Amino acid sequence: MWAALWASVLIALAYGVYRLTTVSVQRHEVLPFQSGWSPSQHALSRFHARWYPLTLVFLAFDVEMLFRYPGSLVVAVVGPSAVIEMFVFLGALLLAVLWAWREGALRWV
Amino acid sequence: MGDSAVAAVTSSWWAPALVAAWLLVLALGAACLDAVLATRGHGLPVGRRAAAPLQEAARLLHQQRRTTMQADTLLWRVTGPGLVVAAVLMVAIVPWGHQVVADLDVGVVWFNAMDVTVWAFVWLAGWGPNSAHALIGGYRFLALALGYELPLMFALTAPAVGAGSLRLLDIAQAQDHLWFVAWMPVAFLVYCVGVLGFSVSGPFSTPAGADVSGGVLAETS
Amino acid sequence: MGLSGRLAALSLQRVHVLPVEVPGWWTTRVALEAQVRARGWTLAESPADADALVICGDVGTALRDPVQLVWDQLPSPRARAAVTDPTGVDAGLDAVAAGLCDVRAQKSSAASRVPQLPDGSEGDMDHGDMDHGDMDHGDMDMAPSGIPLASGAPDRDGLEMDVLQVPLGPVLVHWPAGLLLRCTLAGDVVTSAEAQLLRGGDLGPRTEQPSGTERAARSLDAASSVLALTGWSDPAGTAQRLRDRLVVDPPAEPASLIPDVEALRRQVTRSRMLRWTLRRTGPASGALATGSDVYARLLALLDDATAHLRGDLPSPDLDPASALEGLCDAVTGLELAAVRLVVASLDLRTDRLPAEAVLHG
């Protein structure tokens, strides 16, 4: 699409200005910031487990969003029953989240 | 349905350039306003305060680039341009009067899809540098984004339900008599909060916050 | 090139300064921040964000290596200055501006920079009974660029999650001077910590009692750190301005600033968002967990400032030695940013500690 092309042109323009005006084209390689110390391990690692349920919850609600969009088109035609059905679907998902919450799966720290 | 909307779809090749330029102007204006408001009481003249985004841009262009050791270069460097492209694509479908650059039957869904790509880019900005502070900032964004995602989706479907169509031109047409913001103000407020969320600003600016040494911006120069 | 020079001139109007405070030079650091704000410059959050490194005080041996490492992490164009006296701050910042202005010199120094290598040892810190030596013996064969990958340890659910050692300080903004807190993180939660104090050059810990004005300024400094760390820059800036006023240009009648401090306190208490954020974020266990969270401590700091300005004797300051001892227990189980908030709210006066304070948690 032309929009993406023009966005790329904008970025290329910015990069061009950078290349002309920077003090050094060469990239400087440094250690990651650790308040003045050398890092003991690489940071890219298996993070705390509580972020995984977060990702799954996002996926579930993202798919629910996917079903809401066509639903919003037919509400004018079908009437309130469409709205009720969409909210029942949302309610079913929230029930699952509520169960997970009570089981302690969403415990943060 | 929406086929009867009177629309001039400007599908010429130069129209998106106007969109990109307009987006740039709006972004600069917003940044300058933010700079003026943030530096109240500093005792400097307004013009100097408002020029802060330009000074920052000059500083960043003039500065040497850095990379960190064993950084995930491709994924890291894709985030900056990716955010700009996502922003332009988001704005490209918004109609201006009866003109629109890209007319999509499912404009609202496209808009939402583009703001979800921001999730990927901000998290990758935290992942790329191989730095503990940046990683924490990136994961922080995921937690915040989960919070605003569902309300934003409701706020985006509200005008779609009101107009009976997902096409932005139809939604604009349906507001000819009365703007939706007048009778759906809550949706508008929630949408504004969502904008703060996917632009990592205001109360949602903690992924790049001072308490994680800049978070996703800790290693960007 | 003309464009490059013009950009350099434009960027000189907003230099990002990274201050390094050596214990004992607090007034110098405050004078530096006041001057930075007066020039329209700003403080950097990390070395990547910084154009200039200004060291307040005499670095000495313990702080020399971290400062050198951070100096190397600054991207060109960069400038460095050492300031040992509040009156020398102006000259130091002028030297910084002159250094950044010289585009030719910056270009040549930028071309001569070499990649930063990890060092095997970590200077002369003693980490005799730190157990990270056990952790990375297993995968020494998988060590890209000489740094091992993170190895695992059981976390609270019994899963094996990777463990990172992240030191906090001494070169860190909104952090007590000279404090080094080596944290062991599981994800972003601290599972154990070890505190150490690094001293600078010759100025020993201050023994005479500071005046009421200075103590009020110290409380305001701590309050502004907490507010800046939560991301609310408006009252943080107000607190910093009041602090600067008290240190750089003390008014004849300190009590004249009490209305401003009280207005700040009102602004802080009006914010429900701040209360939600800081409530129940507090020291998790140990001697410091007296039930007061960061929010209560923040309000106490503002109240202390008012009391000092009025000339009253408020509750005694937290004894730095005992605070340092309780710090390791206090931060265990907290998230990394919560650690920074708690440390800022404790208002540790590290320059009043005796030398050789090394404590393990």
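Labels below follow one simple rule: chain letters A, B, ... track the order of the sequence lines, proteins then strands, and each chain is numbered from 1. Heavy-atom basis, side chains included; hydrogens, waters and symmetry copies ignored. This one's a predicted model, so the numbers in the text were calculated from it and none came from an experiment.
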Side chain [X], main chain [Y], donor-acceptor under 3.5 Å:
{"X": "C/Gln116", "Y": "A/Leu31", "value": "yes"}
{"X": "A/His28", "Y": "C/Ala110", "value": "no"}
{"X": "C/Ser4", "Y": "A/Thr21", "value": "yes"}
{"X": "A/Gln41", "Y": "C/Gln165", "value": "yes"}

Checklist entry - Should we say atom OH of A/Tyr52 is surrounded by more than 12 heavy atoms from elsewhere, each under 6.0 Å from it? => result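 Atom OH in A/Tyr52 is crowded, with more than 12 foreign heavy atoms closer than 6.0 Å.
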Item to check | Within 6.0 Å of CH2 in A/Trp51, more than 12 heavy atoms from elsewhere | outcome: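 Yes, because the 6.0 Å sphere around CH2 of A/Trp51 holds more than 12 heavy atoms from other groups.
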Item to check | For the student: nearest non-hydrogen atoms of A/Trp37 and C/Gly169, plus distance | outcome: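 Looking at all heavy atoms of both residues, the closest pair is NE1-O, 3.1 Å.
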Item to check | Which atom of C/Pro167 lies closest to which atom of A/Ser35, heavy atoms considered | outcome: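 Nearest heavy atoms, C/Pro167 then A/Ser35: O-OG, 3.4 Å.
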Checklist entry - Measuring heavy-atom distances to chain C, does A/Gln34 have an atom under 4.5 Å in its side chain, in its backbone, in both, or in neither? => result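 For A/Gln34, backbone and side chain are both near chain C.
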Residue [X] versus chain A: region with a heavy atom under 4.5 Å:
{"X": "C/Pro75", "result": "neither"}
{"X": "C/Leu164", "result": "both"}
{"X": "C/Val20", "result": "neither"}
{"X": "C/Leu63", "result": "neither"}

Item to check | From CD (A/Glu29) to CG (C/Leu117), nearest 0.5 Å | outcome: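 Answer for the CD-CG pair, A/Glu29 versus C/Leu117, is 8.0 Å.
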Item to check | Nearest-0.5 Å distance, NZ of residue C/Lys107 to OG1 of residue A/Thr22 | outcome: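 The NZ atom of C/Lys107 sits 8.5 Å away from the OG1 atom of A/Thr22.
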Item to check | Close side-chain approach of A/His42 and C/Asp162, heavy atoms under 4.5 Å | outcome: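 No; the side chains remain at least 4.5 Å from each other.
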Next on the checklist: In the structure I gave you, are the side-chain heavy atoms of A/Phe33 and C/Asp49 within less than 4.5 Å of one another anywhere?
Outcome noted: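 A side-chain contact under 4.5 Å is absent here.
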